[in-house]
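This report refers to the structure that appears directly beneath it.
Just so you know, these numbers use all the heavy atoms, side chains as well, and skip hydrogens, waters and symmetry mates. A note on names: the letters A, B, ... follow the listed sequences, proteins ahead of strands, and every chain is numbered from 1. Model, not experiment: these values are computed from the prediction.
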Amino acid sequence: MKQRIESLISSALHSLVEQDAIPNISAEDIGASLHVERARDAAHGDFASNVALVLAKRAKSKPRDLAETIIAAIAKTDDVEEISIAGPGFINFRITRLSWLSLIEQIRSDAEVYGMSKMGSGQKVLLEFVSANPTGPLHVGHGRGAAYGDALARVLRAGGYQVDSEYYVNDAGRQMDILALSVWLRYLQQENPAVEFTPNGYQGDYVVEIAGKLKEKVGDQFRNYSDDFFSDLPEDGDAAVDLLVERCKQTLGVADFKILFDQGCDALVEDIRQDLAEFGVEYQGWFSERSLVTNGAMEKSIAVLEQNGHVYEKEGAKWFRATDFGDEKDRVVMRANGSHTYFATDLAYHFDKGERGYDRLLDVFGADHHGYIKRIKASFEALGHPPDKLDILLVQFAILYRGKEKVSMSTRGGDFVTLRELRDEVGNDAARFFYALRKPDQHMDFDLDLAKSQSLENPVYYVQYAHARICSVFRKIEEKGMPGLQSASPDYTLLVEEQELGLVQTLARFPEVVESAARSLEPHQVAYYLRDLAAAFQSYYNAHPFLSSEDNLRLARLGLIDATRQVIVNGLNLLAVSAPEQM
RNA sequence: GCGCCCGUAGCUCAGUUGGAUAGAGCGUGCGGCUACGAACCGCAAGGUCGGAGGUUCGAAUCCUUCCGGGCGCGCCA
């Protein structure tokens with residue numbers, strides 16, 4: 001409907017430009033300055049445009065006069081009942097009732113496709129999100145990234161993009177070594193409780209569990225522990241843990257250490273995969289960081305950087321000249337000791353993604369990684385990819401509270417609330433909707449006690465309840481043997497109530513909401529829309545009966561709520577929330 | 001110290017890319033179930049859009065500055 005108005009104005013402007021009726025305005029200006037919005041106040045009509053205000057200055061005429069000219073040039077159609085000028089020069093449109101009502105049948109025949117758009121014209125998008133290190137189970141902070149990323153993937157698909165989502169698995173590096181060490185020590189403690197635990201190790205109970213599995217697999221084979229393992233440790237916890245990792249590798253040897261390492265890594269990746277799947281999050285790909293090293297991709301990317309002249313050596317290390325691309329300082333890719341940095345694999349990963357034939361790359365990062373964005377984009381450009389092909393989106397942190405008390409979320413300390421706990425506590429639907437209700441760049445206060453106590457007040461139930469009520473009406477129709485929608489085609493002109501028109505107009509917004517959410521990468525718009533839609537329905541439901549109305553009117557009303565049901569389902573699907581027929 | 005994000009009703013948050021009288025939910029007060037599910041509906045109170053300047057027909061939205069909060073600034077990942 002909105003598009004219809006836009007094209008009306010657009011063609012009017014084009015013909016005016018051709019006739020030279022408005023000075024200083026060219027055909028190119030039209031697209032940029034043309035905006036149509038829903039009128040906020042019904043007294044203004046249904047849609048409003050401010051083109052006249054925008055163009056007036058350039059055209060050297062008064063906005064209201066220009067509006068007059070534009071209106072005169074707009075072609076007459078059956079859809080538009082009235083066009084008027086208001087305020088400083090807004091052009092207001094009123095759509096005919098019949099035109100609104102015709103939407104009901106359109107929704108019912110489009111069914112699950114209603115709201116889907118071709119806006120993205122099949123562009124290929126690679127969306128990476130969560131990508132948490134497999135050093136522990138996902139916590140509620142990761143849950144936010146998961147809910148956002150997955151909803152974004154769904155919204156983009158609805159917007160006509162072809163989206164693959166991917167999880168980058170950090171299955172290498174120091175943190176993972178520390179995890180392996182932690183597992184080993186827990187394994188030793190099973191037999192000998194006197195064995196100490198490492199400072200700065202992973203303290204969560206899940207490590208003990210993994211150690212148990214390790215025991216099942218290797219038996220006592222890894223028990224060659226000597227009592228001086230913990231001797232002469234440096235004061236500093238980080239240095240100490242690094243030394244212990246070294247000793248662990250020496251004690252076990254390369255092959256056995258790898259078995260140990262994989263035991264921890266595989267268990268946690270599998271745990272994360274399951275957790276996310278249960279949360280409704282499916283990935284098309286899981287990309288291994290380690291593979292970049294073993295298959296030479298990392299070395300190749302660094303070689304490309306060197307060929308392009310963006311690498312230099314200093315103090316024995318290889319540096320990427322990130323400052324040439326706007327970063328604050330240059331960044332090390334290869335350390336003086338010959339090992340690569342995390343950044344080296346990450347730039348190789350983005351190089352790889354850039355080569356895979358996608359039109360657009362999206363990364364969703366936690367806000368704690370914002371310092372990282374510049375160097376990633378810098379390296380991406382230095383490797384020869386167009387910088388605006390890659391967008392890095394930030395999801396702000398969820399700050400956790402238990403009541404008034406702030407809860408830290410350290411994976412190492414083992415003191416965190418897992419996503420799984422949250423899901424068990426409030427359910428997947430409530431958790432998904434709760435996350436979906438905030439835009440990503442909003443800091444989020446997540447009070448766990450409140451989340452639990454309010455689980456019944458979660459707006460998700462409000463939306464689901466509207467759906468269940470509609471289904472219930474249809475069940476009743478069936479029970480009482482009343483004629484249903486299959487019996488005849490409804491006469492929608494019988495719908496004359498204020499709430500009925502309001503509901504149809506809300507239904508009409510859905511495609512606009514989907515497009516807007518996809519364009520601005522903000523799936524939360526869908527969540528807010530669904531609440532509005534549910535409210536429009538509940539208000540209608542309370543004001544007017546279905547069963548007791550006259551046969552033809554009832555049929556028309558059933559058609560309207562059937563369309564409503566369809567849009568609720570389509571919308572909830574975008575958030576991976578279920579639409580139960582009974583609650 | 002430097003950089004990124006945020007500040008809107010008592011609380012939690014929206015605000016259609018600069019539009020008309022700033023909106024929801026929760027909470028508070030009042031009212032509403034005898035063909036449909038009260039997990040609902042209706043009405044009301046509640047605001048210096050953190051403060052101050054600026055840009056223009058027009059600012060919660062853009063710019064400057066200050067205040068307050070979150071997060072980052074390693075040859076860690």
Checklist entry - CZ of A/Arg144 versus C1' of B/U12: gap in Å, rounded? => result 13 Å
Next on the checklist: Under 4.0 Å, heavy atom to any atom of RNA chain B: which of residues 463-470 of chain A qualify?
Outcome noted: A/Tyr465, A/Ala468, A/Arg469
Compile the donor-acceptor pairs under 3.5 Å between side chains in residues 312-319 of chain A and protein atoms, sequence neighbours left out, one pair per line.
from	atom 1	to	atom 2	distance (Å)
A/Tyr312	OH	A/Asp330	OD2	2.6
A/Lys318	NZ	A/Glu306	OE2	3.4
A/Trp319	NE1	A/Lys314	O	3.2

Next on the checklist: On RNA chain B, does the nearest nucleotide to A/Arg331 precede the nearest nucleotide to A/Arg375 from the 5' side, or the other way round? Give the residue.
Outcome noted: A/Arg331
Next on the checklist: Check whether A/Ser472 reaches the backbone of A/Ala468 with its side chain - one donor and one acceptor, N or O, closer than 3.5 Å.
Outcome noted: no
Checklist outcome for this item: Note: for A/His369 and A/Leu437 on RNA chain B, the residue whose nearest nucleotide lies more 5' is A/Leu437
Next on the checklist: Any heavy-atom pair between the side chains of A/Arg290 and A/Val293 that's under 4.5 Å?
Outcome noted: no
Checklist entry - Which pairs pass salt bridge (Lys or Arg N to Asp or Glu O under 4.0 Å) with one or both residues in residues 169-179 of chain A, sequence neighbours excluded? => result A/Arg174-A/Asp238, A/Arg174-A/Asp242, A/Asp177-A/Lys249
Next on the checklist: With rounding to the closest Å, how many angstrom separate the C1' atoms on B/G47 and B/G51?
Outcome noted: 16 Å
Item to check | Qualifying residues under side chain to side chain donor-acceptor pair (under 3.5 Å), relative to A/Glu289, sequence neighbours excluded | outcome: A/Asn170, A/Thr345
Checklist entry - Regarding A/Tyr202 and A/Gln175, is there a side-chain donor-to-acceptor distance under 3.5 Å anywhere? => result yes
Checklist entry - When rounded to the nearest Å, what value does the distance between C1' atoms of B/G25 and B/G69 take? => result 24 Å
Checklist entry - To the nearest Å, how far apart are A/His340 NE2 and B/C76 P? => result 12 Å
Checklist entry - Between B/A22 and B/C49, how far is it from one P atom to the other, in whole Å? => result 10 Å
Checklist entry - Side chains of A/Lys2 and A/Phe47: closer than 4.5 Å at any heavy-atom pair? => result yes
Next on the checklist: Taking the six-membered ring of A/Phe325 as reference, does the cationic atom of A/Arg321 (NZ for Lys, CZ for Arg) lie under 6.0 Å from its centre and within 45° of its axis?
Outcome noted: no
Checklist outcome for this item: Taking B/A77, B/G37, B/A35 as options, the one with an atom nearest any side-chain atom of A/Arg475 is B/G37
Checklist entry - Between A/Ser516 and B/U17, does any side-chain N or O lie under 4.0 Å from OP1 or OP2? => result no
Item to check | Listed partners of A/His467 passing side chain to side chain donor-acceptor pair (under 3.5 Å), at least two apart | outcome: none
Next on the checklist: Using a heavy-atom cut-off of 4.0 Å across all strands, would you classify A/Phe343 as base, sugar-phosphate, or nothing?
Outcome noted: nothing
Next on the checklist: Between B/C11 and B/U55, how many Å separate the two P atoms, rounded to a whole number?
Outcome noted: 34 Å
Checklist entry - Which part of the nucleic acid, if any, lies within reach of A/Ser339 when heavy atoms closer than 4.0 Å are counted: base, sugar-phosphate only, or nothing? => result nothing
Item to check | Value in whole Å for how far the P atom of B/A77 lies from OH of A/Tyr202 | outcome: 11 Å
Checklist outcome for this item: A/Ala527 meets the side-chain contact (heavy atoms from CB on, under 4.5 Å) criterion, sequence neighbours left out, with A/Phe433, A/Ala436, A/Leu437, A/Leu575
Item to check | Euclidean distance for P, B/C75 against B/G19 (whole angstrom) | outcome: 45 Å
Next on the checklist: Suppose you measure atom P in B/G53 against the same atom in B/U61; what distance do you get, rounded to whole Å?
Outcome noted: 14 Å
Checklist entry - Base, sugar-phosphate, or nothing for A/Pro459, non-hydrogen atoms under 4.0 angstrom? => result nothing
Next on the checklist: What contact category does A/Ala336 fall into here, base, sugar-phosphate, or nothing, at under 4.0 angstrom with non-hydrogen atoms?
Outcome noted: base
Listing time: all N or O pairs from protein to nucleotides 44-46 of chain B that are below 3.5 Å?
none

Checklist entry - Which parts of residues 313-323 of chain A get close to RNA chain B, meaning a heavy atom less than 4.0 angstrom away? => result A/Lys314, A/Glu315, A/Ala317, A/Trp319
Next on the checklist: Testing the 3.5 Å rule here: is there a donor-acceptor pair between the side chains of A/Tyr349 and A/Glu166?
Outcome noted: yes
Checklist entry - Is any side-chain nitrogen or oxygen of A/Tyr461 closer than 4.0 Å to OP1 or OP2 of B/G25? => result no
Checklist entry - How about A/Val577 and A/Val460: do any of their side-chain heavy atoms sit closer than 4.5 Å? => result yes
Next on the checklist: Main chain of A/Leu547, side chain of A/Arg557: is a donor-acceptor contact present, judged purely on distance under 3.5 Å?
Outcome noted: no
Next on the checklist: Give me the distance, rounded to whole Å, that separates B/G15 from B/G50 when you measure between the P atoms they each carry.
Outcome noted: 15 Å
Pairs: protein N or O with nucleotides 19-23 of chain B N or O, under 3.5 Å:
from	atom 1	to	atom 2	distance (Å)
B/G19	N7	A/Asn50	ND2	2.8
B/A20	OP2	A/Arg40	NE	3.4
B/A20	OP2	A/Arg40	NH1	2.6
B/A20	OP2	A/Arg40	NH2	2.9
B/A20	N6	A/Asn92	OD1	2.8
B/A20	N1	A/Asn92	ND2	3.4

Checklist outcome for this item: With sugar-phosphate taken as primed atoms, P, OP1 and OP2 and all else as base, the protein-contact string of nucleotides 1-8 of chain B at under 4.0 Å (heavy atoms; B, S, -) is --BBBS--
Checklist entry - Which pairs count as salt bridge (Lys or Arg N to Asp or Glu O under 4.0 Å) when at least one residue sits in residues 337-348 of chain A, sequence neighbours excluded? => result none
Item to check | Identified pairing partner of B/U64, criterion: Watson-Crick or G-U wobble below 3.5 Å | outcome: B/A52
Checklist outcome for this item: To the nearest angstrom, the CG-P distance between A/Asn458 and B/U12 comes to 17 Å
Considering only distance and modelled atom types, tabulate donor-acceptor pairs under 3.5 Å from the side chains of residues 506-514 of chain A, sequence neighbours left out.
from	atom 1	to	atom 2	distance (Å)
A/Thr506	OG1	A/Gly502	O	2.9
A/Glu512	OE1	A/Arg38	NE	3.1
A/Glu512	OE2	A/Arg38	NH2	3.1

Checklist entry - Can you tell me how far C1' of B/C41 sits from NE2 of A/His544, to the nearest Å? => result 12 Å
Next on the checklist: Please give the distance between the P atoms of B/G46 and B/G23 as a whole number of Å.
Outcome noted: 14 Å
Checklist entry - Within this structure, what is the CD1-to-C1' distance between A/Ile392 and B/C71, rounded to whole angstrom? => result 16 Å
Checklist entry - Reckon A/Met334 touches a base, only the sugar-phosphate, or nothing at all at heavy-atom distances under 4.0 Å? => result nothing
